[in-house]
Number of protein chains: 2
Amino acid sequence: MSSTERLQRYLADERDGCGDEEVSQRLAELEEIDTAAGGPSLDADVGLLSALANETRYKIVRILHVAGEELCVCEFAPLLNVSDSAISHALSQLTDAGLVTRRKEGKWRKYRATARANAVLIALDGSREL
Amino acid sequence: MSSTERLQRYLADERDGCGDEEVSQRLAELEEIDTAAGGPSLDADVGLLSALANETRYKIVRILHVAGEELCVCEFAPLLNVSDSAISHALSQLTDAGLVTRRKEGKWRKYRATARANAVLIALDGSREL
DNA sequence: CATTCAGTTGAGCAATTATTCAATCATATT
DNA sequence: AATATGATTGAATAATTGCTCAACTGAATG
């Protein structure tokens with residue numbers, strides 16, 4: 001079945017006309033919507049969301065957001081019951097996604113939430129009881 | 001190794017005092033941050049983010065956001081190259097996560113983005129070039 | 001310069017996820 | 001009632017993910 005036959009029946013149902021013309025017009029509208037929806041930032045956005053979609057990583061970002069300052073890796077460890085290695089993997093993925101930044105200070109590494117991370121968390125908080 | 005020994009060395013490095021007292025005070029601060037970070041909405045938030053962290057589902061929500069109106073399942077199909085079944089699974093997960101709402105109209109089902117979905121997408125857009 | 005410590009990296013494995021196929025439900029039509 | 005259509009559901013499977021362990025890097029310190 002062509003992908004548009006069902007759409008054709010739908011439009012015939014909803015609207016009065018059922019001509020091919022109206023179908024292809026609606027299809028063009030949908031393509032336009034799709035193009036506007038799927039820009040080049042789609043992959044990066046899904047990457048960012050994937051980075052946040054895990055309890056360990058989400059907690060790290062939340063902790064940094066609440067702390068409002070940079071924290072040392074050694075300060076996360078007591079709060080997350082996973083291995084140091086898991087924490088390091090999590091921090092790398094968050095860094096790649098643009099959610100945290102890293103800074104060296106002697107033998108310690110300090111991480112901070114980015115403006116983007118804060119913006120997303122604030123949106124989540126603000127929309128919770130909409 | 002106790003989880004706090006490294007923290008103790010860190011604090012001794014950063015600050016002047018290195019007493020047990022200062023360590024346990026910082027630990028208490030961190031626990032407080034952790035509590036503030038990890039409220040009951042943590043699971044729901046991770047669920048919401050997981051629902052968005054997939055190209056098919058993200059595109060559906062984006063399309064609904066851009067469209068600004070409810071769309072029929074049959075209108076997604078031409079834009080997403082996955083099976084109808086996959087689209088239906090995606091829509092169910094998005095509904096469970098509170099990102100879209102469903103409405104029956106005859107034999108057609110129409111979906112709409114929720115206010116929360118729109119808020120998150122707007123935050124992503126607005127924070128892109130921070 | 002050998003050792004220690006903080007953190008990272010990669011391999012491996014268990015658990016989860018994304019998709020499809022087939023069957024089913026629900027609504028409309030004949 | 002029987003059939004057709006839109007959509008959903010569940011099972012099966014391939015792909016991805018999250019974690020740990022062990023080995024490693026880089027920086028400080030004896």
Distance-only donor-acceptor hits, side chain of residues 29-40 of chain B, under 3.5 Å, sequence neighbours excluded:
unit_1  : atom_1 : unit_2  : atom_2 : d
B/Glu29 : OE1    : B/Arg26 : NH1    : 2.7
B/Asp34 : OD1    : A/Lys59 : NZ     : 3.4
B/Thr35 : OG1    : B/Glu31 : O      : 2.9

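Taking only side-chain nitrogens and oxygens, B/Arg9 never comes nearer than 4.0 Å to OP1 or OP2 of C/dC5. A sub-4.0 Å separation between OP1 or OP2 of C/dC5 and a side-chain N or O of B/Arg6 is absent.
For the salt bridge (charged side-chain N to carboxylate O under 4.0 Å, His left out) test, no residue two or more places apart in sequence or in another chain qualifies with A/Asp96. Take B/Arg128 and apply the salt bridge (charged side-chain N to carboxylate O under 4.0 Å, His left out) test, not counting sequence neighbours, and it matches A/Asp45, B/Asp125. Taking the side-chain contact (heavy atoms from CB on, under 4.5 Å) definition, one finds that B/Val73 meets it with A/Arg6, B/Ile87, B/Leu91, B/Arg109, B/Tyr111, sequence neighbours left out.
Rounded to whole Å, atom C1' of C/dA6 lies 13 Å from atom CG of B/Leu7. Atom P of nucleotide C/dG7 and atom CD of B/Glu5 are separated by 14 Å, given to the nearest angstrom. Straight-line distance from the CD1 atom of B/Ile60 to the P atom of D/dT8: 10 Å, rounded to whole Å. Remark: P of C/dT16 and CD of A/Glu55 are 13 Å apart, rounded to the nearest angstrom. The distance from atom CG of B/Leu49 to atom P of C/dT17 is 14 Å, rounded to the nearest whole Å. Atom pair B/Leu11:CG and C/dC5:P shows a separation of 17 Å (rounding to whole Å applied).
Looking at every heavy atom in both residues, B/Leu27 comes nearest to A/Pro78 through CD2-CB, 4.1 Å.
A/Ser50 comes within 4.0 angstrom of nothing in the nucleic acid, heavy atoms only. Backbone-only contact: A/Tyr111 has heavy atoms under 4.0 Å from sugar-phosphate atoms and none from a base.
The stretch residues 38-47 of chain A has no heavy atom under 4.0 Å from DNA chain C, so no residue of it qualifies as close.
The listed nucleotides are D/dT5, D/dT9, C/dA18; the one nearest the side chain of B/Ser92 is D/dT9.
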> Which letters describe nucleotides 19-30 of chain D, given B = protein heavy atom under 4.0 Å from base, S = only from sugar-phosphate, - = neither?
Replying inline: SBB-----SS--

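Counting heavy atoms of neighbouring residues, nucleotides and ligands inside a 6.0 Å radius, atom CD of B/Glu21 does not exceed 12 of them.
The shortest side-chain heavy-atom distance between A/Leu49 and B/Leu124 falls under the 4.5 Å cut-off.
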> Could you go step by step and tell me if B/Arg103 and B/Glu70 meet the salt bridge (Lys or Arg N to Asp or Glu O under 4.0 Å) rule?
Replying inline: CA-CA 9 Å; B/Arg103 189 171 76 82; B/Glu70 54 185 9; 2.6 Å; yes

